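Here the structure comes first, spelled out in structure tokens, and everything after it is commentary.
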Amino acid sequence: MRKRATVSGFTLFLWRIWELLSLTVSSLSEEVLLVVKRVRQRKQDGTLYLMAERIAWGPEGKDRFTVSHLYADIRCQKISPDGKAKIQLQLVLHTGESTTFHFANESTALKDRDATKELLQQLLPKFKKKANKELEEKNRMLQEDPVLFQLYKDLVVSQVISAEEFWANRLSLSSVEHSISNNNKQEVGISAAFLADIRPQTDGCNGLRYNLTTDIIESIFRTYPTVKQKYSENVPHNMTEKEFWTRFFQSHYFHRDRISTGLQDIFSECAKQDEKGLKSMVTQGVKNPMVDLLSLEDKTLDEGYGTATVPTTSNSSNKSLRENSNSAIIKRFNHHSAMVLAAGLRRADAPSDQASETSSTDGNSRDSDFFQPPLKKVKLQEAIEYDDLQGDSGRKTISLNLKKSDRYSHGPTPLQSQHYTTSQDIITSISIIQHEMRSYKPRLTQVMSSSAASSAIIALSPGGVLMQGGAQQTINQLVPTDVQSELKHLYMAAGELLRHFWSCFPVSTPFLEEKVVKMKSNLEKFQVTKLRPFQEKIQRQYLSTNLTGHLEEMLQAAYNKFQAWQTRRMMRKT
Amino acid sequence: FRLNIEGLLVYFPYDYIYPEQYSYMLELKRTLDAKGHGVLEMPSGTGKTISLLSLIVAYQKAYPLEVTKLVYCSRTVPEIEKVVEELRKLMDYYAKQTGVKNDFLALALSSRKNLCIHPEVSSLRFGKEVDGKCHSLTASYIRAQHHSNPSQPVCQFFEEFDAVGRQVPIPPGIYNLDDLKDFGRRKGWCPYFLARYAILHANIVVYSYHYLLDPKIADLVSKELAKKSVVVFDEAHNIDNVCIDSMSVNITRRTLDRCQTNVETLQNTISRIKETDAAKLREEYRRLVEGLKEANVARETDIYLSNPVLPDEILQEAVPGSIRTAEHFVGFIKRFLEYLKARLRIHHVVQESAPQFLKDIYEKVCIDRKPLRFCAKRLRSLLRTLEIADIADFSAITLISHFATLVSTYSKGNLYDYDFHQKTPTIANPVLHFSCMDPSIAIKPVFGRFQSVIITSGTLSPLDIYPRILDFRPVTMASFTMTLARTCLCPLIVGRGNDQVAMTSKFETREDFAVIRNYGNLLLEMSAIVPDGIVAFFTSYIYMENIVASWYEQGILENIQRNKLIFIETQDAAETSMALEKYQEACENGRGAILLSVARGKVSEGIDFVHHFGRAVIMFGVPYVYTQSRILKARLEYLRDQFQIRENDFLTFDAMRHAAQCVGRAIRGKTDYGLMIFADKRYARADKRGKLPRWIQEHLTDGSLNLTIDETVQLSKHFLRQMAQPFRREDQLGLSLLTLEQLQSEDMLQKIAQIAQQA
């Protein structure tokens, strides 16, 4: 276990380096989005640069950066409170380290800081998910798949192709695979207590401070789509973001237990919509008949019977204010939990949800009773089952759901002219054969002579005249294992490269054109740096000649294709 | 496999059996042999239903002349359907083993709402609407009108059934509600009336309590059931309340107002008919004079308006002369109504017994007792004669007439009183409660008529109290424990918080800040260690509302939300259903959730929390009934005077059966497991503890009687860790799960004999 861990750790390290290298190279010419002068870091004056993919700081008068963070590495930013004398911005990294910048330009410090903050706020979320997910994904793939790891070493570490190229269609490929195998990556749910995390803190001077992070904002949006809608309606044309959130926290909507003060609360509409949503959820009813309290009782007592006190008809008017607010809290909790739950599921099975919704709406209308029983039956069966009383009924099997059982039992067969045997045909023919076999009588007078038979058997045994092809099998005894494994790696690497190469055809876009040229040069590079040394090595060991023949053939085929394509292109140009 | 229970061959549709099931069947067999009644307590989840069914079906097959019918009463619709499914399983097993095709007819009966297949009628949402609409399509005079005027709509399903359905018996088989509907659709017959007709010759009938206990319904549906039936009341721990509810009436001013309009309508109709069709009224009069109990023309559809049970001697008598003509009767009702109105005008609480009431009414408005008795019956006859289709409208006057009959018939043992609903102090809203004090009145005909009545439930402790309050002599009373290979239930009594403040929902301290906070902390701590679902019960809805509000203010709920989602029962059933479903969804997808609920509420009575839906149940406080109510006080007094049951005993009994019911929701089988946390120090007292069912009491050790929150958390953690270990069949075999060979060993039989504890 430990060995494996170190290996994978090493891998991680290796390709991080490569990735970083490639990044540095590519960022040589990166775009600078914002330059802020007179920013102090560790009591040193300097300049802060916000670039396309990273943030960097260099001390005054030097042309290299002493601080440089990729946006992807930054977990969050924090700013000093408004009233403070020092105007600062802190970056917290995923590793837990943090870097603090002090904006020292007296006149514009606040403006500088805010500009930086705003820009970072826009940039960080973009990188955050992508980078994290990608890194994780790549790491996982390399750890899980030793073959891929080997390939990575062969191709990327030896600089045959760049890391980006290597991953280019790997990742998309894998994500497709994933979506098939386990329905995409599971979306991270929302903490039920996200509103609790924004507990206000008093800042000492008669005000409240709320800490909002992008996570929380996203949680709010995901749980309460109505708030999101309001946000997109009002920000930024009607009010600033800050104003929006301030109003949000002041609103009756947030403090649901307080009775609405009315006026111009932009969230009152949200509350109404929530109410509506809750109502529709309620009227839609429940799908599981076992929890439907409405249909639980078989025969309710008629009005006026029973000992229970009569429910007062006008319950809202004579309830005290406190009772009202209490039941509002309860309603709110139910709604909140339902929304959180729904937000967690919403994206994961959006299409299937749609389907179930439509079926549920008509499943609830009682004239389509035909739809209801299956679920009900299942639930009932579940309810009366005692699994320990039952004998071993064998493991529950999933029944095969075949659309065309013929195809399953025959497998994909090449379409032969018009002769297509159905299973019925096969069964009849089998029965015919059986029938014939039953009435089969050997005609002993017309058999082969024993000598002829034995010579035929010899010819068909290993080493016989007709079994010459088997001699080739011995190749894996002739070649030492290390050469074998090297050959295997070569095959894999070549296969990967060729896959890249062939995937460019048909060359329809300029991008593909560029790529096919590059891939061809990659192939040549591979031949020179990998294949040649290997060939020489074999020759030195006097091994049987043509181990790499097939590889070369494959490469040659690719070259030919390339040649043909190029000439055709030249022709077209001229 | 096949069992031999004291000489009776019983087919049991499983490969293994719990020892207590065997023991249960033994006791049941003895009860049936003695042709007497029985009270049997066995924990839920030990296969009570299948044991009952296996034995009684076997008995029926062996002695078809001794027991002709099984009437199985359960409480909720899902329960009913579950019973039928288990029965189906049993019958399939019979068919497989004996090779003989099943010749039993078993069916479920439910209200029209669950059985109607008429496209228009069945789309209505409420049971009452469905009933009313159905009646307006199937009443006999409507159908008569249809003859002369084909545009009058009728229900073709009923017509079809009426035409041919009765001649052809329904083929033997097991019919659940959906099967009945399918059958009805195939044949074009009304499933509801088909079922009602078929129960008369069915071998097994499964329906709800009301069809037997509510005299108004029982009179219609179950009157003709054979005497040699075995009646089973499952989940019977609340049977006394069902009885009382069905015999109690509340009358408000609104009822009286609506009754007034009813009377006016009646008057108008009568005078109109008198002009056009006086013969009809004369005919009715003639019928009543003849003392015909029911009019010949009465079809079963017309008995929609129903009559509380009357002693037989009254039924034989003719309706007294003073109310025989329609006008006289309406006048009589008007006088009665005026009297009631006058009574409701007073502004203080009055409490009097039925004889006092009758005396008063005689003195004030000269209404005699005898005509009052016939009020309900007379009204029914009148409504039928007047051919008023929409009966739902006449619910008010029907109610009044029932009240009149009840108050004059059961003078002994009943009390009624006035109560003021003073939610708004300025407007008095007096209510006339006529409440039946004695549950035995409603159930008496059942005990009297049927050969064996079995009362069974998971929580019937203490056993001896049921025969006393229901006034019957059982031949067997037994309580069975749950044999367990591992202690899968863990009852804990939490008596104090970590700050040593006593935890209790006692009235004096329930608003105490420290108590509420401790309750909150308990829930918070448990939410952190218990996987999946937690269900918490409060003593009353108002109490829950208050606690939730103050938890919210203190931020406790927010902290709980960090661990689990919170769902709360509300007073609205539809809303609660949704919350419940979401709760289950949250348990299902691994997020975990907490359901805050109320003891005595719908959730505590009808919903099971199997496996991960309820890994812990917390009972906050002792769920005493609200003791300040005058009706309850009157009932307690009555119990003391009539049955020598002390008030406190009854209150504690009532509270403990509800508490047991609540915590028992979590354990639904031997492979299930759950914590049962009683959060009130009063549970530790012997008088409370002693009233818990034996199968819970057994696992309450002295070490778990007065715990702090921390100790509770420690014990719970330990328990949960143990339960998380794999649990295989081999662990159970021989201990709590037996094969046939094991069952037959001498050793085991001796052990089994100890399972049943005779009360």
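The figures that follow rest on heavy atoms only: side chains count, while hydrogens, waters and symmetry mates do not. Each chain gets a letter, A, B and so on, in the order the sequences are listed, and its residues count up from 1. Since the model is a prediction, treat every value here as computed from it, not as a measurement.
Per-residue counts of heavy-atom pairs under 4.5 Å with chain A were compared for Gly669(B), Ala579(B), Gly47(B); the largest is that of Gly47(B). Of the listed residues (Pro13(B), Ala586(B), Ala593(B)), the greatest number of heavy-atom pairs within a distance under 4.5 Å of chain A belongs to Ala586(B). Ranked by heavy-atom pairs shorter than 4.5 Å toward chain A, the options Gln21(B), Lys582(B), Glu569(B), Lys670(B) are led by Lys582(B). When the candidates Val548(B), Thr255(B), Asp608(B), Leu557(B) are compared by the number of heavy-atom contacts under 4.5 Å with chain A, Leu557(B) comes out ahead. Interface remark: of the candidates Lys89(B), Glu605(B), Arg668(B), Met578(B), Met578(B) forms the most heavy-atom pairs closer than 4.5 Å to chain A.
Glu120(B) does not touch chain A: none of its heavy atoms, backbone or side chain, sits under 4.5 Å away. Heavy atoms closer than 4.5 Å to chain A are found in the side chain of Gln584(B), but not in its backbone. Proximity to chain A (any heavy atom under 4.5 Å) is shown, for Phe613(B), by neither the backbone nor the side chain. No part of Tyr209(B) comes within reach of chain A, as not one of its non-hydrogen atoms sits under 4.5 angstrom from that chain. In this structure, the portions of Thr576(B) lying under 4.5 Å from any heavy atom of chain A include both its backbone and its side chain. Looking at Ile17(B), the atoms closer than 4.5 Å to chain A (heavy atoms on both sides) all sit in the backbone: N, CA, C or O. For a residue to count as touching a neighbouring chain, one of its non-hydrogen atoms must lie under 4.5 Å from one of that chain's; by this rule Glu86(B) touches chain A with backbone and side chain alike.
We find the CD1-SG distance between Ile400(B) and Cys259(B) to be 4.5 Å, quoted to the nearest 0.5 Å.
Side-chain atoms of Arg332(A) and Tyr552(B) include a donor-acceptor pair closer than 3.5 Å. Side-chain contact of Asn176(B) with Glu85(B): a donor-acceptor pair under 3.5 Å is present, judged by distance alone.
Side-chain contact between Ile251(B) and Phe403(B) is present, with at least one heavy-atom pair separated by less than 4.5 Å.
In Lys82(B), the NZ atom is crowded: over 12 heavy atoms of neighbouring residues, nucleotides or ligands sit closer than 6.0 Å.
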**Request:** May I have the step-by-step check of side-chain contact (heavy atoms from CB on, under 4.5 Å) for Ile568(B) and Tyr583(B), ending in yes or no?
**Result:** CA-CA 9 Å; Ile568(B) 307 171; Tyr583(B) 167 80; over 6 Å; no
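Distance alone, capped at 3.5 Å, places no donor-acceptor pair between the Ser337(A) side chain and the Asn334(A) backbone.
Salt bridge absent: Lys331(A) and Asp572(B) never bring a charged side-chain N and a carboxylate O closer than 4.0 Å.
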